[in-house]
Asks: 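Structure incoming, see below.
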Amino acid sequence: IEGEDNLLAKTCQLLVETGGYRMAWVGVAQQDEGKTIRPMAMAGHDSSYVARLRLSWGDGTQGRGLCGQCIRQGKMVMTRSSREDPYFAPWWGDSGHRPGTASIALPIHLDQTVWGCLNIYVSEADAFDPQETGLLGELIESLEFGLQTLRERQQQDHRQAALQASKKHFQTYLEGTDLGWWDLDVTTDQLMIDDLWTRRIGYSSSEINTRKAWKALIHPDDLEGYRAAYDQHEAGNTPHYQSTYRIRSKNGVWLWITESGQITERDSSGKPLRVTGTGRDITAQKQMEAQFQTGEALFRKIIENTSLGVAIASPGGNILEINRAFQNILGYTPIQAAGKNMLQLTHPGDTDRAQRAWQDLVEGRQDSIHLEKRCLHQSGQWLWVNLNLAITRDSANAPVFVVGIFEDITDRKSLEALTQNRLNTQRLITEISNRFVRVTPSKLNEELITATRLLGQFTSADICNLALISPQNEELIFGYEWR
């Protein structure tokens with residue numbers, strides 16, 4: 001950690017220059033496989049000697065020196081003469097080692113574990129009496145305090161930097177949304193709101209710095225619901241609370257707000273100490289909802305008062321809703337019609353054509369459909385209807401529902417059929433009459449047979465007879481039959 005190297009180096013330098021020790025160095029226990037000791041700071045005579053040492057805090061040969069024992073055992077270790085200490089044997093041959101010197105190793109504890117040790121050497125033997133070791137113990141305590149303070153300061157700096165980065169990131173996110181954040185100290189009623197949010201309602205942070213000031217801006221009709229949502233959360237019945245209400249902006253305009261909050265801190269008795277949350281401006285959404293509701297009300301009013309039957313169906317064709325005129329035309333009540341499929345009410349002779357038209361509409365090949373077909377009345381009769389279909393889609397262009405407008409054209413279809421029948425009769429009479437205008441006697445028999453066949457086909461008869469009866473004596477002169 002930045003600063004630790006400097007503190008350790010100054011400590012070693014102070015021990016040599018002021019304390020008169022021959023050499024001082026600090027080794028840090030490494031958590032590697034070999035349990036090595038890394039020299040981190042040193043001062044004094046031939047300090048390069050320390051850099052050459054291969055030390056360990058394990059239980060092997062290299063770990064039996066003072067530093068290894070100190071870290072492994074977690075207590076002070078010393079020798080009054082390295083010449084007489086067999087544990088120093090691995091280092092007797094080093095040019096930097098001076099036989100007969102005394103040395104001491106003192107453990108350095110950090111975070112309730114042995115972090116390293118301070119090693120001190122003197123030139124003469126039989127050093128480090130109880131008074132001296134007591135003073136060195138106090139030095140270690142001061143050193144540990146300094147190292148811990150540095151670590152805590154470094155951690156605090158990291159937390160602060162992370163908090164600032166998080167706050168900046170959060171603020172950047174909020175600027176792209178309609179969200180604003182706030183933080184309430186319940187004990188003091190102090191309210192902190194981000195500036196972006198207060199600007200939206202026209203106030204500065206200093207003008208709304210208490211919860212009381214904020215609540216004074218809430219519409220009176222919305223206060224009860226706001227309090228109820230918070231009270232439920234305070235009682236522990238909900239993990240957070242949410243309330244939608246109107247708030248008066250500085251220019252007097254009422255804005256719609258959705259507030260979400262959570263108690264983030266309580267005292268030992270469970271009383272709230274801190275509440276944090278966000279707010280969203282949903283004024284535009286509320287205005288759209290109002291416009292939609294107005295449009296929907298107008299749409300329903302038109303539907304209910306039109307003489308045309310209206311049915312709203314799912315993209316699959318199941319009826320969801322009908323108007324009064326639909327009931328009058330086809331005889332189904334809303335309950336009877338609900339769930340029935342539009343094709344289920346279609347005459348078998350019209351089903352294929354109606355199904356193809358419906359698929360074209362739903363699959364986007366047509367925006368609207370017009371067709372005439374027969375529909376089943378609730379009584380079991382078939383009625384002719386003029387049907388117009390239109391589809392409604394969502395923002396993703398997916399079908400939502402289909403609106404069908406029905407007009408009863410049964411009378412028109414009957415009139416058309418009667419008219420067509422009369423026209424066909426007239427054409428038949430004309431055709432038969434024309435055959436006898438200039439017919440020769442030899443062709444008369446043939447034309448009468450043809451006329452009999454035409455009459456039989458026109459009337460869809462199984463048998464057709466044509467007879468000529470004398471009006472005087474009512475005798476059959478001749479007759480013709482077609483099967």
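Predicted, not measured: the structure shown is a model, and the values here were computed from it.
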Asks: Side chain to side chain donor-acceptor pair (under 3.5 Å) for Thr244 and Thr258? Distances and angles first, verdict last.
Replies: CA-CA 4 Å; Thr244 299; Thr258 290; 3.1 Å; yes
Asks: Among Thr351, Thr346, Asp350, find the residue that satisfies the side chain to side chain donor-acceptor pair (under 3.5 Å) test when tested with Lys373.
Replies: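 Among the candidates, only Thr346 passes.
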Asks: Do the ring planes of His233 and Tyr241 sit parallel (below 30°), tilted (30 to 60°) or perpendicular (above 60°)?
Replies: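 The rings of His233 and Tyr241 sit tilted, inter-plane angle from 30° to 60°.
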Asks: Is the shortest side-chain heavy-atom distance between Leu273 and Asp185 below 4.5 Å?
Replies: no
Asks: Please list, chain by chain and in numerical order, all residues satisfying side-chain hydrogen bond (donor to acceptor under 3.5 Å, both in side chains) with Asn318, sequence neighbours excluded.
Replies: Asn341
Asks: With the side chain counted from C-beta on, respond yes when Pro272 and Tyr230 share a heavy-atom pair under 4.5 Å apart, and no when they do not.
Replies: yes
Asks: If you take all heavy atoms of Leu8 and Met40, which pair is closest and at what distance?
Replies: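 Heavy atoms only, the tightest pair is CD1-SD, 3.6 Å.
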Asks: Could you go through Val310 and Phe326, starting from their C-alpha distance and side-chain angles, then the distance that decides it, and tell me whether this counts as side chain to side chain contact (heavy atoms under 4.5 Å, CB included)?
Replies: CA-CA 6 Å; Val310 178; Phe326 182 97; 5.9 Å; no
Asks: Under 4.5 Å between any side-chain heavy atoms of Val275 and Trp182, yes or no?
Replies: yes
Asks: Atom CG in Leu376, atom CG in Leu330: separation rounded to 0.5 Å?
Replies: 8.5 Å
Asks: Hey, is Asp360 close enough to Arg365 for a salt bridge, meaning N to O under 4.0 Å?
Replies: yes
Asks: Leu343 versus Gln355: any side-chain heavy-atom pair under 4.5 Å?
Replies: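 The answer is yes, as the side chains (C-beta and beyond) meet within the 4.5 Å cut-off.
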Asks: Taking NZ, NE, NH1 and NH2 as the nitrogens, is one of them in Arg151 or Glu4 under 4.0 Å from a carboxylate oxygen of the other?
Replies: yes
Asks: Do Ser204 and Glu207 have side-chain N/O donor and acceptor atoms under 3.5 Å apart?
Replies: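 Their side chains do contain a donor-acceptor pair, which is all the 3.5 Å distance test asks for.
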Asks: Search all heavy atoms of Pro107 against all heavy atoms of Cys70 and return the closest pair with its distance.
Replies: N-SG, 3.1 Å
Asks: Output yes when a side-chain donor or acceptor of Asn323 lies under 3.5 Å from a complementary backbone atom of Gly309, and no otherwise.
Replies: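 No, the answer is negative, given that no donor and acceptor are paired below the 3.5 Å cut-off.
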Asks: Between His219 and Trp254, does the ring centroid distance fall short of 6.0 Å?
Replies: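 Centroid separation for His219 and Trp254: below 6.0 Å.
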Asks: Salt bridge (Lys or Arg N to Asp or Glu O under 4.0 Å) with Glu141: which residues, sequence neighbours excluded?
Replies: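 Applying salt bridge (Lys or Arg N to Asp or Glu O under 4.0 Å) to Glu141 gives none.
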Asks: Please check this pair: side chain of Gln262 against backbone of Pro239, looking for a donor-acceptor N/O pair closer than 3.5 Å.
Replies: yes
Asks: Is any side-chain N of the basic residue among Glu259 and Arg280 closer than 4.0 Å to the acidic one's carboxylate O?
Replies: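 No, this pair does not count.
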Asks: Without swapping roles, check the side chain of Thr283 against the backbone of Trp256 for a donor-acceptor pair under 3.5 Å.
Replies: yes
Asks: Decide side chain to side chain contact (heavy atoms under 4.5 Å, CB included) for Leu217 and Tyr203; before the verdict, give the C-alpha distance in whole Å, the side-chain angles of both, and the deciding distance to 0.1 Å.
Replies: CA-CA 11 Å; Leu217 301 175; Tyr203 294 93; 3.6 Å; yes
Asks: Over all heavy atoms of both residues, which pair between Gly317 and Trp358 is shortest? Give the atoms and the distance, please.
Replies: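 Closest heavy-atom pair between Gly317 and Trp358: CA-CZ2, 3.4 Å.
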Asks: Could you check whether Arg274 pairs with Asp183 (Lys NZ or Arg NE/NH1/NH2 to Asp/Glu carboxylate O, under 4.0 Å)?
Replies: yes
Asks: If you round to the nearest 0.5 Å, how far is CD1 of Ile409 from CH2 of Trp384?
Replies: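 Separation between the atoms: 7.0 Å.
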Asks: Please find the pair of heavy atoms, one from Phe406 and one from Met342, that lie closest to each other, and give the distance.
Replies: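 Smallest heavy-atom distance, with atoms named: CZ-CE, 3.7 Å.
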Asks: Side-chain atoms of residues 110-118: list all donor-acceptor pairs with protein atoms under 3.5 Å, sequence neighbours left out, distances to 0.1 Å.
Replies:
| unit_1 | atom_1 | unit_2 | atom_2 | d |
| --- | --- | --- | --- | --- |
| Asp111 | OD1 | Gln148 | NE2 | 3.4 |

Asks: Mark yes or no for whether Asp411, through its side chain, and Leu415, through its backbone, hold a donor-acceptor pair below 3.5 Å.
Replies: no
Asks: Salt bridge check, Glu234 against Arg266: does any charged N sit closer than 4.0 Å to a carboxylate O?
Replies: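 Not counted as a salt bridge, because no side-chain N and carboxylate O are separated by less than 4.0 Å.
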Asks: So do the side chains of Ile369 and Asn388 get within less than 4.5 Å of each other, counting heavy atoms only?
Replies: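 Answer no - side chains too far apart.
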Asks: Which atom pair, heavy atoms only, marks the closest approach of Asn119 to Ala105?
Replies: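 Between these two residues, the closest heavy atoms are OD1-CB, 3.5 Å.
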Asks: For Arg324, does the CZ atom sit with more than 12 other heavy atoms under 6.0 Å from it, leaving out its own atoms?
Replies: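 Count not over threshold, so no.
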Asks: Evaluate the criterion side chain to side chain contact (heavy atoms under 4.5 Å, CB included) for residue pair Leu389 and Val403; output intermediate values, then yes/no.
Replies: CA-CA 6 Å; Leu389 296 172; Val403 177; over 6 Å; no
Asks: Measure the shortest side-chain to side-chain distance between Asn209 and Leu191 over non-hydrogen atoms and say whether it is less than 4.5 angstrom.
Replies: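 Sidechains of Leu191 and Asn209: no contact.
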Asks: For residues Leu371 and Arg353, determine if any side-chain heavy atom of one lies less than 4.5 Å from a side-chain heavy atom of the other.
Replies: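 Contact flag for Leu371/Arg353 side chains = yes.
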Asks: Could you check whether any side-chain N or O of Thr410 sits under 3.5 Å from a backbone N or O of Leu383, counting only pairs where one atom can act as donor and the other as acceptor?
Replies: no
Asks: Rounded to the nearest 0.5 Å, what's the gap from CG on Leu147 to NE2 on His109? Could you check?
Replies: 13.0 Å
Asks: When you look at Ile71 and Ile37, which way does the side chain to side chain contact (heavy atoms under 4.5 Å, CB included) test go after all the steps?
Replies: CA-CA 9 Å; Ile71 293 175; Ile37 298 174; 3.9 Å; yes
Asks: What's the spacing between Glu407 CD and Glu372 CD if we round to 0.5 Å?
Replies: 9.0 Å
Asks: Taking the side chain from Arg72 and the backbone from Trp57, do they hold a donor-acceptor pair closer than 3.5 Å?
Replies: yes
Asks: Could you tell me the separation between the CD1 atom of Ile322 and the CD atom of Gln336, rounded to the nearest 0.5 Å?
Replies: 8.5 Å
Asks: So do Gln327 and Pro334 actually touch side chain to side chain, heavy atoms under 4.5 Å?
Replies: yes
Asks: Kindly give the heavy-atom pair with the smallest separation between Ile391 and Pro399, and that separation in Å.
Replies: CD1-CB, 3.6 Å
Asks: Measuring from atom CG of Asn237 to atom CG of Asp231, what distance do you get when rounded to the nearest 0.5 angstrom?
Replies: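 So the gap between those two atoms works out to 10.0 Å.
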Asks: Quick check against the 3.5 Å criterion: does Gln232 have a side-chain atom that pairs as donor or acceptor with the backbone of Ala229?
Replies: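 Not confirmed, Gln232 side chain does not pair with Ala229 backbone.
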